[in-house]
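What follows is a short report on a single structure.
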There are 2 protein chains.
Amino acid sequence: MRRISYLEAMAETAGRLANGGVFLNVGGEQPNTMTIGWGWMGPCWRRNVFVVLVRPQRHTHDLLKQAGEFTISVPTRAPLREQLAFAGTKSGRDVDKFSGHGLTAVPAQRVNAPIIAECGLHFECRTLMVQEMTGETLAQEVLQYAYPERDFHTMFFGEIVDCYRTDD
Amino acid sequence: MRRISYLEAMAETAGRLANGGVFLNVGGEQPNTMTIGWGWMGPCWRRNVFVVLVRPQRHTHDLLKQAGEFTISVPTRAPLREQLAFAGTKSGRDVDKFSGHGLTAVPAQRVNAPIIAECGLHFECRTLMVQEMTGETLAQEVLQYAYPERDFHTMFFGEIVDCYRTDD
């Protein structure tokens, strides 16, 4: 495990978000993971912040609200395409995603949530703010393809409390 | 002018945001600039997005709402400390910041807003969504030092429509 500045991890993480996705992990009684493809990183409130977006109907949504912390695990050496597809289409309500699907949960360093052993880059975050996207001012062109059912994302603003690689 | 992927510019921009700041520029009848130190970058809505935060009392706030587009200019070779301090403490209501203070406005490529000639890295953005931060769920520790007057930021979510360097 090699600790790094989140600045070193930004481009790789944003690139993976947009190309295949990364894993958003949450702990609690039944730890869960889901694939996300959208998110932002940068400084705010004198902290380093990772903003993740989760639609309200997702199982992870309520788990995240309860937990108040989360991790992001980024595939690096292995693309993990099957695992990303699995974690993005199955719900933790129906299946234990850490059982028999090539995703191994291991404890994080500083938050009570798993990271994924098959990934090589990880962020650990503590939620500082949760806010619903209202969609009122969203450009029509985006509204139509991203929210035909008006299920606007909830934005979780997490302070990055740790960032490290496990692939070198 | 050398066009680059915003991924190449993320770390440098986030680093500068947190250390001295960058310029947020808006066009219109009287173009203006202000120094910002907080912001996020990443993919969302199948676009590349730069989120900037502006408090409602700032002159730039209303200009941004009207304009619907903005640019970010990042100091690279020259630190521009005096210019950043000036643009962060004076209001465009009282002074033309592009007159006699070492900040030269030049037209952007794809949006109707200036970029700053003294900077070497630029983002051009089209606003896709504007949303007030409600602050309801914000961590108390942040609330106390960042919003003692409850003047919560407005978040402007801009699609990055161009990104380029002018310093090489």
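Quick caveat, the model's predicted, so the values are computed rather than measured. First the proteins, then the strands, lettered A, B, ... as listed; each starts at 1.
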Connected via hydrophobic side-chain network under 4.5 Å: [X] and [Y]:
| X | Y | value |
| --- | --- | --- |
| Leu121(B) | Val111(B) | no |
| Met1(A) | Ile115(A) | yes |
| Val51(A) | Phe123(A) | no |
| Ile160(B) | Ile72(B) | yes |
| Met10(A) | Val49(A) | no |

Item to complete: Could you pull out the closest heavy-atom pair between Val130(B) and Thr137(A), with the gap in Å?
Response: O-OG1, 2.6 Å

Worksheet item: Under 6.0 Å from the CZ atom of Arg81(B), do we count more than 12 heavy atoms belonging to anything else shown?
Response: no

Discussion item. How about CD on Glu149(B), more than 12 heavy atoms from neighbouring residues, nucleotides or ligands closer than 6.0 Å, or not?
Written reply: no

Worksheet entry | Heavy-atom contacts under 4.5 Å, residues 17-45 of chain A to chain B | Leu17(A), Ala18(A), Gly37(A), Trp38(A), Gly39(A), Trp40(A), Met41(A), Gly42(A), Pro43(A), Cys44(A), Trp45(A)

Item to complete: Among the options Ala146(A), Gly135(A), Ala14(A), Gly15(A), pick out the one with the most heavy-atom pairs lying under 4.5 Å from chain B.
Response: Ala14(A)

Worksheet, complete the sentence: Given Tyr145(A), Tyr6(A), Tyr147(A), the one with more heavy-atom pairs under 4.5 angstrom with chain B than any other is Tyr145(A)

Worksheet item: Do you know which of Glu12(B), Glu8(B), His153(B), Met133(B) has the most heavy-atom pairs with chain A at a distance under 4.5 angstrom?
Response: Met133(B)

Worksheet, complete the sentence: Pair count under 4.5 Å, heavy atoms only, with chain A: among Thr127(B), Val142(B), Asn48(B), Leu143(B), highest is Val142(B)

Fill in: Leu128(A) side, atom CG; Glu141(B) side, atom CD - distance, nearest 0.5 Å
6.0 Å

Using non-hydrogen atoms only, which part of [X] is less than 4.5 Å away from chain A: side chain, backbone, both, or neither?
| X | result |
| --- | --- |
| Arg126(B) | side chain |
| Met155(B) | side chain |
| Phe50(B) | neither |
| Glu132(B) | backbone |

Worksheet entry | Proximal to chain A - members of residues 86-109 of chain B, heavy-atom separation under 4.5 Å | none

Practice prompt. Walk me through it: do Glu136(A) and Gln131(B) pass the test side-chain contact (heavy atoms from CB on, under 4.5 Å)?
Written response: CA-CA 8 Å; Glu136(A) 283 163 17; Gln131(B) 187 167 338; over 6 Å; no

